[in-house]
Visitor: 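I have a structure I would like to understand better, so I am pasting it below and will then ask my questions one at a time.
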Amino acid sequence: MRTALVHHEDMTAARLLWEDPECEIERPERLTTALERLRQWGLEQRCLQLAAREASEAELGLVHSPEYVSLVRGTQTLSTRELQALSGQYDAVYFHPSTFHCARLAVGAALQLVDAVLTGAVHNGLALVRPPGHHSQRAAANGFCVFNNVAIAAKYAKQRHGLHRILIVDWDVHHGQGIQYIFEDDPSVLYFSWHRYEHGHFWPYLRESDADAVGQGQGRGFTVNLPWNQVGMGNADYVAAFLHVLLPVAFEGGYHLESLSQSVCMVVKALLGDPALPLSGAMEPHHRFGARKVGRAGGATPGLTAPASPHSALESIQSVRAAQAPHWKSLRQQGSTPILNPSTYSLERRASPVSPGGPKFKAAEAQASAALSSLLDQLHLNPTLPVRTAVALTALDAALVLPADVLRQEGSAPQEETRAWARLHEALAQDKALTALGKVLHLLNGILDGQVSSGIAATPEPALAPTLDVVIRRSLSHGARRLLCVAVGQLDRPTDLADDGRNLWLNIRGKEAAAPSKFQVSVPLPGTTGGFVSCVLALVLPLAYGFQPDLVLVVLGPAHGLQVPQAALLASLLRGPAGGRVLVLLEQGSTSQLAGVLARVWQGEAPPGLGPFSMASPEDTQALISLRGQLEAEWKMLPVAAPQVP
């Protein structure tokens, strides 16, 4: 099994023993409800299940002081009155006689997962734990967190497995200040947190949760805070943050039971390699002024499309890019100037503070639940397909080794259908080309009919362009309302393809940077790792998410110039905009190695590394700037962080 699930029933033992409206939201059902939902969706059974172990006190000492560990150990023998008195010394925390045991299990679960992944026993995994950890500090509990599970796991990975660079992505409504404090001067750990901030009026009310908190000493630039200053961030806002902040830097859970359990299931599905659901709502980040504020807590939950104050996403993203630009070349090369300076907002002009378990937080839970319930409905309407990845091969590729759960598809479309399409092009009349076309059409039909999620097909080189033309026509005439075609290499757009908004043609390795129309874009292939990453994140993916295609067609044509890791990364990232429906069309000569890598990546493995990061050339940067300038008025995902000439 490729994905591990680590938990332990004993972690449900700790619970609140007295009346405290602020703390009652952290309860055992947060764990049990998530586990029940995993079982209902059949996800737990697909994972390698590991029982959490207790972390040793030496392992706790990687982050916490001996005095603090001793204090928590002593809670095992305290009376309820004594526990309540001790809890009152900390912010939003309660202790129970089982807290020490539960918290050690929570840390141990994270360490077991680190061991399982780094020894190769699994590709990835999820540790389902309580109490949580990201607020706790070296000598203090905070925000329901006792021991800092993630921070200890990072220290453990460095010490036990010799890792030199670790990225922590903290996706939570609250800022994980505990992790930030522990690693703020450590350049070996990059900490990224997006969180509700409201210019300092949302818990934990810290100035160091803002965008200009970037770390200290040698760790400057290795703390990245993306503070949302309004609530109700939507899909487009999170995608923009991924593309324009998190991923450029990376390349160089909640308290409401229903939303929490659904989020856990979505994470496990992603780790297992299941395709994501297509994103709903208009793909335009909020960037204008004047909209009303939505009073909802818990706004950092994935997949929401609730309304927001329109300027806040652009303000936050541009502010963090500006703060980080001195520390990251990729952001300097495509930097942007904030349209707003957060310091110009006085806290007195903002809303009153919102506590993690206060009345406003509780009153808003129903809104968060309603928004997230649509995800569950979509999952019921769009269950995991029986075949996630299929490969249409010829006899010459029979020796290719594929993952066990990838379908090696032998069938072909009916002869009448294949020959009818082949009449459009003389090059398809040849026996080998006709045979390959039948296999391609059979695979395409499976994707369009909802029987297959993604596929890889091959065709002889002289027949590649004609086959591409047939695939486009077949897709648009039989079910695909919007088709994104990413053609890499020397491939021309079919001359009579209608420019009617149903197809977006994006040619990488075009002769020049040009956009004859909104739906026809050509860009030269960048010659460096940094240039390629910038092209994908700043152009290809914003266009793809803005277009919201039903199907993505990736074609690697003559002289495409992509290395295997680049092709795998491109194909992997393009699964998101179309809910996993991607067809990759290759020349037969390049099938073996690339098809195997793509199949493994689509089944949950990480793409191969791109190698050392090298900056984009001035020519490639200027080409990207020129294209974005031509297109940003039409594609609203582009202007979020417009690049500038370095």
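Computed from heavy atoms alone, side chains included, the values below leave out hydrogens, waters and symmetry copies.
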Visitor: With sequence neighbours left out, what residues match Gln218 under side-chain hydrogen bond (donor to acceptor under 3.5 Å, both in side chains)?
Guide: none
Visitor: Nearest 0.5 Å, what's the CD1-CD1 distance between Ile179 and Ile152?
Guide: 10.5 Å
Visitor: Without swapping roles, check the side chain of Ser316 against the backbone of Pro227 for a donor-acceptor pair under 3.5 Å.
Guide: yes
Visitor: Counting N and O atoms only, with roles assigned by atom type, does the side chain of Asp620 sit under 3.5 Å from a partner on the main chain of Gly527, one being a donor and the other an acceptor?
Guide: yes
Visitor: Any chance the side chains of Asp115 and His161 put a donor and an acceptor closer than 3.5 Å?
Guide: yes
Visitor: Starting from the C-alpha separation in whole Å, work towards a yes-or-no answer on ring pair (Phe, Tyr, Trp, His ring centres under 6.0 Å) for His175 and Tyr197.
Guide: CA-CA 8 Å; His175 176 225; Tyr197 184 58; 8.3 Å; no
Visitor: Is there a side-chain contact between His134 and Val150 in this structure, where contact means two heavy atoms from C-beta onward sitting under 4.5 Å apart?
Guide: no
Visitor: Determine whether a donor-acceptor pair (N or O, by modelled atom type, separation under 3.5 Å) exists between the side chain of Thr528 and the backbone of Met615.
Guide: yes
Visitor: We want to know whether Asp237 and Trp228 form a side-chain donor-acceptor pair, criterion being a heavy-atom distance below 3.5 angstrom.
Guide: no
Visitor: Quick check: do His327 and Val249 have side-chain heavy atoms less than 4.5 Å from each other?
Guide: no
Visitor: Can you tell me how far apart CG (Asp10) and CG (Leu105) are? Round to the nearest 0.5 Å.
Guide: 6.0 Å
Visitor: Tell me which pairs pass salt bridge (charged side-chain N to carboxylate O under 4.0 Å, His left out) where either residue lies in residues 159-168, with sequence neighbours left out.
Guide: none
Visitor: Is there a donor-acceptor contact under 3.5 Å linking the side chains of Tyr181 and Glu208?
Guide: yes
Visitor: Without hydrogens or angle criteria, can the side chains of Asn142 and Gln177 be said to hold a donor-acceptor pair below 3.5 Å?
Guide: yes
Visitor: Does Trp328 have its ring centroid less than 6.0 Å away from the ring centroid of Phe613?
Guide: no
Visitor: Which atom names give the shortest non-hydrogen contact between Gly580 and Ser454, and what distance separates them?
Guide: O-CB, 3.5 Å
Visitor: Tell me the closest heavy-atom pair linking Pro248 and Leu331, and the distance in Å.
Guide: CB-CD2, 4.1 Å
Visitor: Between Asp212 and Arg207, is any pair of side-chain heavy atoms under 4.5 Å apart?
Guide: yes
Visitor: Could you check whether any side-chain N or O of Thr33 sits under 3.5 Å from a backbone N or O of Glu29, counting only pairs where one atom can act as donor and the other as acceptor?
Guide: yes
Visitor: Quick one: CD1 on Ile456 to CG on Leu594, what's the gap to the nearest 0.5 Å?
Guide: 7.5 Å
Visitor: Over all heavy atoms of both residues, which pair between Ala4 and Cys47 is shortest? Give the atoms and the distance, please.
Guide: C-CB, 4.4 Å
Visitor: Is Lys158 paired with Asp186 through a side-chain N to carboxylate O contact shorter than 4.0 Å?
Guide: yes
Visitor: For a 4.5 angstrom cut-off between non-hydrogen side-chain atoms, does Trp602 reach Val584?
Guide: yes
Visitor: Under the side-chain hydrogen bond (donor to acceptor under 3.5 Å, both in side chains) test, which residues partner Asp185, sequence neighbours left out?
Guide: none
Visitor: Is there a donor-acceptor pair under 3.5 Å between the side chain of Gln76 and the backbone N or O of Arg73?
Guide: yes
Visitor: Show the nearest heavy-atom pair for residues Val146 and Tyr68, with the distance to one decimal.
Guide: O-OH, 2.8 Å
Visitor: Is there side-chain contact between Leu573 and Val540, with heavy atoms separated by less than 4.5 Å?
Guide: no
Visitor: Calculate, to the nearest 0.5 Å, the distance between atoms OG1 and CZ belonging to Thr99 and Arg130 respectively.
Guide: 8.5 Å
Visitor: With distance as the sole test, does Gln137 use its side chain to make a donor-acceptor pair with the main-chain N or O of His135 at under 3.5 Å?
Guide: yes
Visitor: Might you point out which heavy atoms bring Val114 and Ala153 nearest each other, and give the distance in Å?
Guide: CG2-CB, 4.0 Å
Visitor: What distance do Leu246 atom CG and Leu167 atom CG have between them, rounded to the nearest 0.5 Å?
Guide: 6.5 Å
Visitor: Would you give the length of the straight line joining atom OH of Tyr238 to atom CG of Leu226, rounded to the nearest 0.5 angstrom?
Guide: 8.5 Å
Visitor: State, to 0.1 Å, how close Val582 and Arg575 come at their nearest heavy-atom pair, and which atoms those are.
Guide: CG2-CA, 3.7 Å
Visitor: I'd like to know if the side chain of His244 reaches the main chain of Ile317, judged simply by a donor and an acceptor atom lying under 3.5 Å from each other, with no hydrogens or angles considered.
Guide: no
Visitor: Indicate yes or no: at least one non-hydrogen side-chain atom of Cys102 is less than 4.5 angstrom from one of His96.
Guide: no
Visitor: Does the Ser614 side chain pair with the main chain of Thr529, one donor and one acceptor, at a distance under 3.5 Å?
Guide: yes
Visitor: Run the side chain to side chain contact (heavy atoms under 4.5 Å, CB included) test on Phe532 and Leu569 for me, step by step, so that the C-alpha distance in whole Å, both residues' side-chain angles and the decisive distance to 0.1 Å come before the verdict.
Guide: CA-CA 10 Å; Phe532 175 75; Leu569 178 66; 4.3 Å; yes
Visitor: Using modelled atom types and a 3.5 Å cut-off, is there a donor and acceptor pairing between side-chain atoms of Ser136 and backbone atoms of Asn148?
Guide: yes
Visitor: List the steps, then state whether side chain to side chain contact (heavy atoms under 4.5 Å, CB included) holds for Ile182 with Lys155.
Guide: CA-CA 10 Å; Ile182 291 165; Lys155 292 269 192 179; 4.2 Å; yes
Visitor: Can you list the steps and then say if Leu570 with Val488 is a side chain to side chain contact (heavy atoms under 4.5 Å, CB included)?
Guide: CA-CA 11 Å; Leu570 179 64; Val488 188; 4.2 Å; yes
Visitor: Please assess Trp171 against Phe192 for the test side chain to side chain contact (heavy atoms under 4.5 Å, CB included), listing each intermediate value before the final yes or no.
Guide: CA-CA 9 Å; Trp171 189 335; Phe192 174 91; over 6 Å; no
Visitor: Is the shortest side-chain heavy-atom distance between Leu539 and Val523 below 4.5 Å?
Guide: yes
Visitor: Quick one: does any side-chain atom of Arg104 pair with a main-chain N or O of Ala55 as donor and acceptor, under 3.5 Å?
Guide: yes
Visitor: Just so I know, are the side chains of Phe147 and Val63 near enough to count as touching, which here means a heavy-atom distance under 4.5 Å?
Guide: no
Visitor: Could you go through Gln180 and Asn225, starting from their C-alpha distance and side-chain angles, then the distance that decides it, and tell me whether this counts as side-chain hydrogen bond (donor to acceptor under 3.5 Å, both in side chains)?
Guide: CA-CA 9 Å; Gln180 177 170 312; Asn225 285 311; 2.9 Å; yes
